[in-house]
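Heads up, the thing below is written out as structure tokens.
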Amino acid sequence: MNRKEEYQQMLQTLEGTPPQLSDAAARAKTRLQRRKRVRHLVAAPLTSAAAVALAFIMLVNVSMPFAMACGRLPFLRELAAAVAYSPSLSAAVKNEYVQPMELEQTEHEITMRIEYLIVDQKQLNIFYTLSSPIYTAMDASPEIALLDGTAMESYSISSGGMYENDDLRCFSLDLVQGDMPEGIRLVARVHDNGAHVSQEPVRAEEEEYAAPRAISEFTFELRFDPNFTSKGEIITLNEDFILDGMHLRVTTIEIYPSHIRLNLQDDASNTAWLKSLTYYVENEKGEMFGSISNGITATGSTDSPFMASHRLESSFFSQSRSLTLHITDAEWLSKDMEQIEVDLLAQTASSLPQGVALVSTNCVNGTWELVFSGKEQREHASYQLFSHSYYGEQGEEYFFNASSSGTSYYDPEQMEYREEAGYFYERFWLKDYPYDTVRLTPIFSHRAHLEASVVIHVK
Amino acid sequence: MDFEEFAARLQPLNPRLYRTARMYLGDESSALEAVDEAVYKGLKALPKLREEAYFETWMTRILMNECKRELRRRKREVIMETLPEMAAQAYDALPLNDAVLRLPEELKAVISLRYFGGFTLAETAQSLQIPQGTVVTRQRRALALLKLELSEEDAE
């Protein structure tokens with residue numbers, strides 16, 4: 001089939017548009033009407049991959065004391081709605097664990113306003129708004145340093161989401177090591193995605209389209225109330241336990257207003273590295289605090305694949321007298337599967353992670369395309385199967401920086417797109433790879449559901 | 001423009017928006033989400049539409065921004081490599097659908113609108129807010145990379 005025939009075939013495929021398109025306008029109207037109703041504070045039921053049966057009762061409670069707090073801090077109602085996805089942050093807002101900032105700067109017709117902070121020893125959440133009379137689709141990219149301009153270390157920062165002008169947005173800074181300093185310098189670069197511009201922008205437009213450049217740059221010095229950054233409880237346990245036949249030790253549990261950290265130690269005799277857990281902590285009132293579902297779930301080190309620190313929603317505000325840890329599932333990387341060998345010519349693999357299949361290998365002009373299928377854990381949700389490092393036949397390391405994940409893949413032999421319900425496809429390319437076999441590095445090898453949960457008394 | 005007219009004018013436009021998004025984003029579910037979001041934002045901003053005659057290009061512009069936003073979001077999770085323009089041989093080696101997906105964004109936008117969405121040269125230029133000459137240049141470059149010989153009649 002030549003290129004034009006390919007094009008014609010693609011047009012034919014696209015002729016059959018999905019039926020959902022026909023009522024897109026009606027859906028938009030319903031959504032718009034819902035948005036215009038009086039806002040309610042919403043409960044955010046927490047789910048994790050294998051904890052659907054558990055009943056979580058961390059709710060944002062519209063009680064009289066909370067209503068009074070909203071009166072003292074006018075934006076608090078919007079803040080409560082903005083953190084509804086996080087039971088920990090919702091509890092923080094309910095308990096007025098919020099530092100008002102009210103810092104504002106304007107540049108090039110864009111105003112950035114830092115409204116609130118929720119900060120503790122290990123995590124900082126910065127709530128801010130962007131507004132403009134001419135830009136309506138703005139994004140801000142953050143950069144963090146200490147107050148004296150020194151670079152910070154061992155942290156991650158996240159931002160993003162789809163917002164309108166004056167919506168409350170959030171940057172989240174998480175310290176992997178060390179404690180929160182007395183303050184930070186935040187540099188925020190704002191650009192516009194140009195959804196609708198009602199007037200000519202202040203700065204001259206590019207002649208040709210380019211990725212949005214920063215229109216405005218704001219620098220804020222944020223100093224923290226030490227009452228917030230001193231909060232946290234560290235419980236030393238040093239308790240050994242066996243999980244799915246592997247020996248582990250719970251060294252400490254750290255309880256902060258924003259999250260709980262479960263810190264583990266590995267045993268050299270184990271035949272697999274722990275990658276992730278499904279677990280929860282329960283107090284004497286039956287309240288349950290499960291895995292973080294929106295944010296960092298675990299951290300490790302570059303020294304080994306073992307994930308040493310795992311995160312849960314916080315029990316800090318629950319005034320729990322006793323806490324018990326329950327572990328129900330675990331994900332592992334077997335030590336004999338840190339690398340697997342794929343025969344590119346024969347299209348075979350020495351071994352593969354649970355639920356993963358090698359779909360195809362195809363070489364064109366020295367670039368190998370590999371396609372793997374993975375079983376979905378949740379509908380329409382994929383996960384990473386392999387890290388981006390791979391190794392040649394002499395042991396030399398390569399790195400691919402591009403991969404894609406989707407619900408279908410193109411079969412060049414059958415010349416059609418193929419898909420299977422309940423599966424996703426991960427593809428990546430090995431450019432100018434000279435060998436017939438390659439060693440890949442799986443993210444995990446297998447998952448285990450425990451018939452009997454591991455139960456550890458915390459306090 | 002009231003909702004009834006909005007819905008009526010959207011009806012014939014939706015398949016073109018979908019095809020454009022489908023080519024730009026690479027899969028059906030992402031394309032449907034992008035169209036849904038664009039329709040919602042269009043309805044929400046409808047009072048600000050000054051010239052009703054430009055409704056179609058206005059909606060298309062909103063869609064393209066949603067598609068770009070989705071690509072930027074994906075880049076935080078999985079990097080989809082675009083090939084350098086000089087790598088003509090690399091494009092030639094790929095199935096056409098994959099080759100389009102791996103075009104540089106500014107070329108992919110023009111191809112998606114012109115040859116899959118069925119938008120005219122003028123509509124494409126207005127939707128992307130670039131001169132018509134730039135559209136012509138970009139579509140020529142993209143078709144050369146894709147080794148696809150299409151005429152203006154094929155596009156419209």
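Lettering follows sequence order; numbering is per chain, from 1. Since this is a predicted model, take the numbers as computed values, not measurements.
Counting heavy atoms from C-beta outward, A:L11 and B:R19 have side chains that stay 4.5 Å or more apart. At least one side-chain heavy atom of A:M10 sits under 4.5 Å from a side-chain heavy atom of B:F116. The side-chain heavy atoms of A:S22 and B:Q11, taken from C-beta on, include a pair separated by under 4.5 Å. A:E369 places a side-chain heavy atom less than 4.5 Å from the side chain of B:D98.
Of all the heavy atoms in A:R3 and B:L148, the pair that sits closest is O-CD1, 3.7 Å. Counting all heavy atoms, side chain and backbone alike, B:L43 lies closest to A:A25 at CD2-O, 4.4 Å. For the residue pair A:A24 and B:D36, the shortest heavy atom distance occurs at CB-OD1, 3.7 Å.
Among the candidates A:T367, A:L21, A:D23, A:N2, the residue making the largest number of heavy-atom pairs closer than 4.5 Å to chain B is A:L21. Highest contact tally toward chain B, considering only A:G366, A:A26, A:P18, is held by A:P18 [criterion: heavy-atom pairs under 4.5 Å]. Of the listed residues (A:Q384, A:K4, A:E15), the greatest number of heavy-atom pairs within a distance under 4.5 Å of chain B belongs to A:K4.
Note: B:L143 CG to A:Y7 OH = 9.0 Å, rounded to the nearest 0.5 Å. Note that CD of A:E6 and CG of B:L146 are 10.0 Å apart. Values are rounded to the nearest 0.5 Å. Here B:E28 contributes atom CD and A:L14 contributes atom CG; the two are 10.0 Å apart, rounded to the nearest 0.5 Å.
Only the side chain of B:A99 comes within less than 4.5 Å of a heavy atom of chain A; its backbone N, CA, C and O stay farther away. B:V39 touches chain A through backbone and side chain together, each having a heavy atom under 4.5 Å away. Proximity to chain A (any heavy atom under 4.5 Å) is restricted, for B:L32, to the side chain, taken from C-beta onward. Heavy atoms closer than 4.5 Å to chain A are found nowhere in B:M64, neither backbone nor side chain.
For B:Y54, the OH atom is loosely surrounded, since the number of other residues' heavy atoms within 6.0 Å does not exceed 12.
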